[in-house]
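Structure record follows, encoded as structure tokens.
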There are 2 protein chains.
Amino acid sequence: MSATVLSGRELAAAIRTETAAKAAGLAEAGTPPRLAVVVATADESSAWYVRSIAKAAEKVGITCDIVDLGGDAATETIRTALVDLSADDTIHGIILQTPLPAGAALEDLASAIAFEKDVDGANPLSLGRLVAGLPAFAPATAEAVVAILDHHKVELTGRHVAVVGRSTVVGKPAAHLLLDKNATVTVCHSRTADLPAVTSSADVVVAAVGRAGLITAEYVRAGAIVVDVGTNPTDGGGLAGDVDAVSVTEQAGGLTPVPGGVGPVTTALLLQHTVRAAAVDR
Amino acid sequence: MSATVLSGRELAAAIRTETAAKAAGLAEAGTPPRLAVVVATADESSAWYVRSIAKAAEKVGITCDIVDLGGDAATETIRTALVDLSADDTIHGIILQTPLPAGAALEDLASAIAFEKDVDGANPLSLGRLVAGLPAFAPATAEAVVAILDHHKVELTGRHVAVVGRSTVVGKPAAHLLLDKNATVTVCHSRTADLPAVTSSADVVVAAVGRAGLITAEYVRAGAIVVDVGTNPTDGGGLAGDVDAVSVTEQAGGLTPVPGGVGPVTTALLLQHTVRAAAVDR
């Protein structure tokens with residue numbers, strides 16, 4: 001038995017189609033949606049990701065400015081760029097790409113992104129509002145986890161979900177979004193005693209640790225649903241998930257692929273958020 | 001066998017003593033610490049609680065202003081009061097007391113409390129910064145949970161903690177603080193399937209649901225530590241916890257009492273935060 005492949009491609013396409021229609025309407029009304037991606041790294045896989053966002057944006061009718069500050073930009077240079085973009089009425093969405101230069105913390109710098117333009121939910125205010133149940137853009141990756149489960153009609157109410165990873169950008173906000181869906185949520189991490197025992201007691205496992213192939217069959221209960229958030233670069237220039245798919249597919253009931261799972265949904269949600277931000281702006 | 005009583009009184013006294021010394025120093029230096037409690041309810045148990053905070057504040061040398069707006073204050077009246085207090089240089093800490101009049105949401109109104117004066121961590125920005133690992137005042141009750149466990153030397157790293165309750169003021173921030181202590185944290189709630197099965201698999205149970213006596217022996221593993229955050233008013237004018245202490249004490253290894261557990265620590269931490277806010281102000 002192999003697990004059902006829980007693809008993200010159809011959902012991403014649907015979100016892009018809806019977003020393109022809204023973007024066209026906004027452009028017609030004189031507010032062409034525009035996204036700025038601030039880059040302060042020479043990291044190759046990051047550059048590849050930023051180009052893919054820009055391409056996806058242009059395809060749905062969102063102008064995408066890549067603001068490249070160079071790999072050794074000072075913290076204050078990055079902050080100033082974010083403040084300026086926040087004040088620029090023609091910009092509706094702002095993403096601060098990671099990694100950042102040594103000494104610059106995303107959580108700190110992202111406070112400079114205007115809350116209304118914070119389409120990747122990086123500003124701590126967005127995160128706090130999310131946790132408090134107030135309107136805010138969620139970090140797109142965390143939202144993609146819930147969206148892909150929804151799309152594939154995975155019931156969450158009362159189910160036990162184990163989130164592996166406690167990062168501010170994925171694990172923690174995903175845990176909150178899953179709680180909002182009435183799941184019972186366990187957050188696991190590097191200090192969790194007997195991780196396989198915890199994850200194999202869960203109905204749904206969300207792997208967001210950034211360690212290629214960490215999650216094998218022994219981490220998964222028979223029939224459980226597994227969401228793979230990992231995007232670990234491989235030597236060959238490809239992407240490897242946090243899940244060992246060959247091992248897990250024999251055990252799981254459903255598994256999101258890498259690539260083609262959470263990734264495309266994340267990008268589509270960033271575009272959806274940008275159009276929403278532009279629509280509020282009007 | 002009866003569970004060890006994990007009192008909060010000694011810890012609260014120690015925090016008050018330290019806070020009184022700092023308050024005296026601040027007063028001498030010309031910055032007498034001052035706390036404002038905004039009240040917009042005619043609720044009796046709330047009035048009792050506010051008076052107890054005021055008394056505790058005065059005892060450690062913090063001036064406490066009770067700003068009573070009446071039980072039918074308009075949302076905008078409350079917001080204006082919070083904005084004015086935030087702008088008042090002589091005020092260092094601001095608490096917005098609950099319950100609020102119908103139609104007013106704490107999460108929304110608390111955004112009007114200046115982040116630096118938000119000594120009960122009610123502003124969503126405080127919550128977001130907390131989750132993001134940036135300096136912020138935590139909601140005092142949530143912090144008291146961790147403080148009382150620390151005080152009684154309950155190890156948290158790698159241990160499984162079940163938090164029962166997902167409120168913005170206690171359950172969710174407590175879950176984050178426990179994660180920061182390297183616990184594996186499960187958040188349970190009214191929609192959790194088989195709550196006793198989940199809580200009785202945990203090393204530590206934090207009960208923060210607001211239902212008197214919900215947690216009985218069957219919810220607790222032998223030897224587990226139980227923190228009772230409940231403060232449910234009883235017919236006789238007393239307080240009842242969320243834990244049925246008579247039942248649980250035979251099973252648990254340790255149990256915080258109600259009253260005398262999390263409550264006094266919470267109040268002491270509010271005062272500590274106020275003095276810290278005043279010290280930053282200087």
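Below, chains carry the letters A, B, ... as their sequence lines are ordered, and counting in each starts from 1. Atom set for the values below is all heavy atoms of this structure, side chains included, hydrogens, waters and symmetry mates excluded.
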- Proximity breakdown for B:Thr184 and chain A, heavy-atom pairs closer than 4.5 Å: both
- Can you tell which part of B:Arg166 gets under 4.5 Å to a heavy atom of chain A, answering side chain, backbone, both or neither? side chain
- Task: Could you look at A:Ala183 and say if it's the side chain, the backbone, both or neither that has a heavy atom under 4.5 Å from chain B?
- Result: backbone
- Ranking A:His176, A:Arg159, A:Arg129 by heavy-atom pairs under 4.5 Å to chain B gives rank one to A:His176
- chain B: which of A:Ala175, A:Ala132, A:Cys188 shares the most heavy-atom pairs with it under 4.5 Å? A:Ala132
- Report the option among B:Ala162, B:Gly158, B:Ala110, B:Ser201 that has the most heavy-atom pairs separated by less than 4.5 Å from atoms of chain A. B:Gly158
- Any idea which of B:Thr192, B:Leu127, B:Asn182 has the most non-hydrogen atom pairs under 4.5 angstrom with chain A? B:Asn182
- Message: Using every non-hydrogen atom in the two residues, find where B:Pro124 and A:Leu134 come nearest and quote the distance to one decimal.
- Response: CG-CD1, 3.7 Å
- If you take all heavy atoms of B:Val131 and A:Thr168, which pair is closest and at what distance? O-OG1, 3.9 Å
- Item | Close side-chain approach of B:Lys172 and A:Leu179, heavy atoms under 4.5 Å | yes
